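Each remark here refers to the structure printed beneath this line.
Just so we're clear, the structure is a prediction, and the values are computed from it rather than from any experiment. No hydrogens, no waters, no symmetry mates; every other heavy atom, side chains included, goes into these values.
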Amino acid sequence: MRKHKEGGGIANRLRSNINGTKRELGWKMIYIVSAMAWIGLLQLVVVEHPLNPWFHQSATTAPIFKETSSSHLSSEANSSLKRSNTLIVDVETSTPRVQIATEKPGVFTIPPALKSPKNVNLLKFNPENTFLPLKDVKESGLSDTDTNWFMSGLRWTPKLGNGETFDLPKDDSKGRILCVRGRDMQDGTKNGYGLFKKRRLPRGAIFREHTTFIADNYWDYNNPWHSMSALANFITWRLENSCSTPDRLLLYHAGELVTSMGPWISHVMQAAFMKFIPIETLESTHGSNSPVCFERAVIQRRGLGKVDKVHINAAFDVLRCKARAYCGVKRSADRSAASVEVLLFMRTGPRSFQNETAVANTVRSECAKYPSCNMRVVNSANLTFCEQVEVMTNTDVLVTVHGAQMTNMMFMEPGSRVMEMFPKGWLELAGVGQEIYKWHADWTRVIHAGRWRDPEGPECPYPRTETLECFLFFKDRQVGLNATFLADWMGSVLRDFGMTTRSGEQQDGVQSDCACDMGRHSFTA
């Protein structure tokens, strides 16, 4: 009997211990579930709140939107769509895509996918499923030591001399694609970017098919020089990628969204790629803060910076030839081989000549000493894009004041000459900015034939320590004339040009090739 009672007591104690353990486990489960609920609520309310867009963005298998309307294109693209009223269905995807109207007839198709292998050493971007600010406030982007101020998480490794170009997902060892979020046009830190696997994109993401070109510009996309230096390296990418073309452009200025660009660069890009390229606005019917992900994103972070001379010369050979074809311009057939065409290229307003007539008479008088020399005086403000291409195509010696109109030297023949003039104060205060057209001449294989700096004019009214204020005081002043110096300089340039031939000054053995699809400029290993 006692053994039976002892056995029963042991059983009761075991049942009691088991029940206690169950209760303890039950409470632990309640604590865990409650904690998970609070974490989820915190992520929803704080982390993924539109006012706090950075930190972690969880991936999801929720439906991804593929927008086929034109609401995300620039107004210029929309107007073209209204004119063309054409909707095409891709055979492979059965999804409609817009065929943008172009100034040139013809149908442009999406090129085949790139077959070259991934470069696993090019990209080092560790955070996954994370949005980071597009603008890194720790980097100013104004020197060679702080080049990563835009998309600073993308770690650049030199590759074939083509500059800071990222081709995603090709260049990512994990095959991730680029997603961006935010449409702020005033503060680049409020816009974000991240890398995501294609099957686990951010919640509510909009998916853009095919190829998107993405660029950041420290200045703007209206000035010919600034826009060209930010976008011209896309030609290098095209030469390396079987003459592929993009479906859209996504533009940033210091991480701020830009939805338009000037007419000059618009014509250049349309000529280079043989079609109109709409500008992405990131607008969506699914929410103003919806992430937008790109099937293929080609990013130019530093424009022509760190691109080697072979690639730059080849890119500008193509640009020159494409612009001439786009405008239907050829070198004048009736000019003799020994003739020299001199262009005095005027500006209106800031940084113009004080006495245009006196400058023109001096250049004309010197040109008249050479039987084969012809001179034209043209104001850059009065020309259309194609008129600028025509004028530069038939110019051998360009005489002008430092300014954006000099960007047009890219349409001149290699071996042509450029004579550049500056207002007072630039030598002491302008820094590297006074060198840009000397660089441009080298890129386009034009000969920079020297500079003249006007020494005359008032002194800076600010203390010498106020460098910026003094530069702004001098920056846009008019340029005077030293007739004796200009005549001697002009004569020297004409004599030098007459003793050489443009064909003998071609550099690096690079020949102009207008037909990109011929593949003569391919640098793919």
Side-chain angles (χ1 to χ4, degrees), residues 32-33 35-69 72 90 92-95 97 110 113-114 117-134 150-155 166-183 190-214 246-248 250 252 255 257 280 282-299:
I32 292 172
V33 171
M36 292 177 65
W38 278 107
I39 291 172
L41 181 61
L42 180 65
Q43 181 182 8
L44 180 63
V45 175
V46 179
V47 178
E48 296 188 8
H49 193 277
L51 296 179
N52 190 15
W54 315 128
F55 307 105
H56 190 274
Q57 164 68 57
S58 57
T60 178
T61 56
I64 304 300
F65 301 105
K66 293 184 179 180
E67 291 192 333
T68 56
S69 71
H72 61 287
D90 284 339
E92 294 182 1
T93 62
S94 298
T95 57
R97 78 176 161 85
I110 303 301
L114 205 64
K118 297 178 181 178
N119 186 336
V120 296
N121 297 319
L122 179 63
L123 188 65
K124 295 180 180 178
F125 187 89
N126 293 323
E128 190 164 316
N129 301 336
T130 301
F131 278 100
L132 301 175
L134 274 174
F150 177 73
M151 294 193 182
S152 60
L154 302 182
R155 298 304 177 185
F166 301 94
D167 190 342
L168 301 173
K170 175 179 174 288
D171 287 334
D172 183 30
S173 59
K174 298 181 180 179
R176 295 170 294 181
I177 66 174
L178 177 75
C179 297
V180 299
R181 185 167 67 177
R183 301 184 64 253
K190 295 181 179 179
N191 298 326
Y193 72 106
L195 301 185
F196 295 80
K197 293 182 178 178
K198 192 171 181 180
R199 294 188 177 182
R200 291 190 59 79
L201 298 181
R203 184 176 293 110
I206 309 300
F207 186 75
R208 298 279 193 258
E209 295 181 317
H210 308 308
T211 303
T212 303
F213 280 176
I214 302 175
D247 283 69
R248 63 193 69 82
L250 177 56
Y252 289 101
L257 182 65
E280 172 69 63
L282 301 179
E283 292 180 351
S284 170
T285 57
H286 303 286
S288 59
N289 204 40
S290 297
V292 178
C293 302
F294 303 98
E295 182 176 17
R296 186 177 189 181
V298 180
I299 305 162

Euclidean distance, Ser290 OG relative to Leu282 CG, rounded to 0.5 Å: 10.5 Å
Donor-acceptor contact below 3.5 Å, side chain Asn191 vs main chain Leu134: no
Taken in chain and number order and not counting sequence neighbours, the residues that satisfy ring-ring contact (aromatic ring centres under 6.0 Å, His included) with Tyr252 are Phe150
Value rounded to 0.5 Å, distance of NZ in Lys190 from CZ in Arg183: 14.5 Å
Can a cation-pi geometry be assigned to Arg181 and Phe131, taking NZ or CZ under 6.0 Å from the six-membered ring centre and within 45° of the ring axis? yes
Distance col, row Phe213:CZ vs Arg296:CZ, nearest 0.5 angstrom, shows 8.5 Å
Side chain to side chain contact (heavy atoms under 4.5 Å, CB included), that's the test. Do Leu154 and Asp171 meet it? Break it down for me. CA-CA 11 Å; Leu154 302 182; Asp171 287 334; over 6 Å; no
Would you mind reporting whether Leu201 and Cys179 have side-chain heavy atoms less than 4.5 Å apart? yes
Evaluate side chain to side chain contact (heavy atoms under 4.5 Å, CB included) for Glu209 paired with Phe294, printing each intermediate quantity in order. CA-CA 6 Å; Glu209 295 181 317; Phe294 303 98; over 6 Å; no
In Å and rounded to the nearest 0.5 Å, what is the OH to OG distance from Tyr193 to Ser152? 4.5 Å
Would you find a donor on one side and an acceptor on the other, under 3.5 Å apart, between the side chain of Asp247 and the backbone of His210? no
Going by atom types only, do Arg248 and Thr212 share a side-chain donor-acceptor pair under 3.5 Å? yes
Which heavy atom in Gly175 sits nearest to a heavy atom in Pro169, and how many Å separate them? O-CB, 3.5 Å
Closer than 4.0 angstrom, basic N to acidic O: yes or no for Glu295 and Arg208? no
Run Phe196 and Arg176 through side chain to side chain contact (heavy atoms under 4.5 Å, CB included) and show every step you take. CA-CA 5 Å; Phe196 295 80; Arg176 295 170 294 181; 5.8 Å; no
Knowing that exactly one of Ile177, Leu178, Thr130 qualifies, which makes a side chain to side chain contact (heavy atoms under 4.5 Å, CB included) with Leu195? Leu178
Are Leu257 and Leu250 close enough that some pair of their side-chain heavy atoms sits under 4.5 Å apart? yes
Could you walk me through whether Val298 and Ile214 satisfy the side chain to side chain contact (heavy atoms under 4.5 Å, CB included) test, starting with their C-alpha distance in whole Å, then the side-chain angles of each, then the deciding distance to 0.1 Å, before giving a yes or no? CA-CA 6 Å; Val298 180; Ile214 302 175; over 6 Å; no
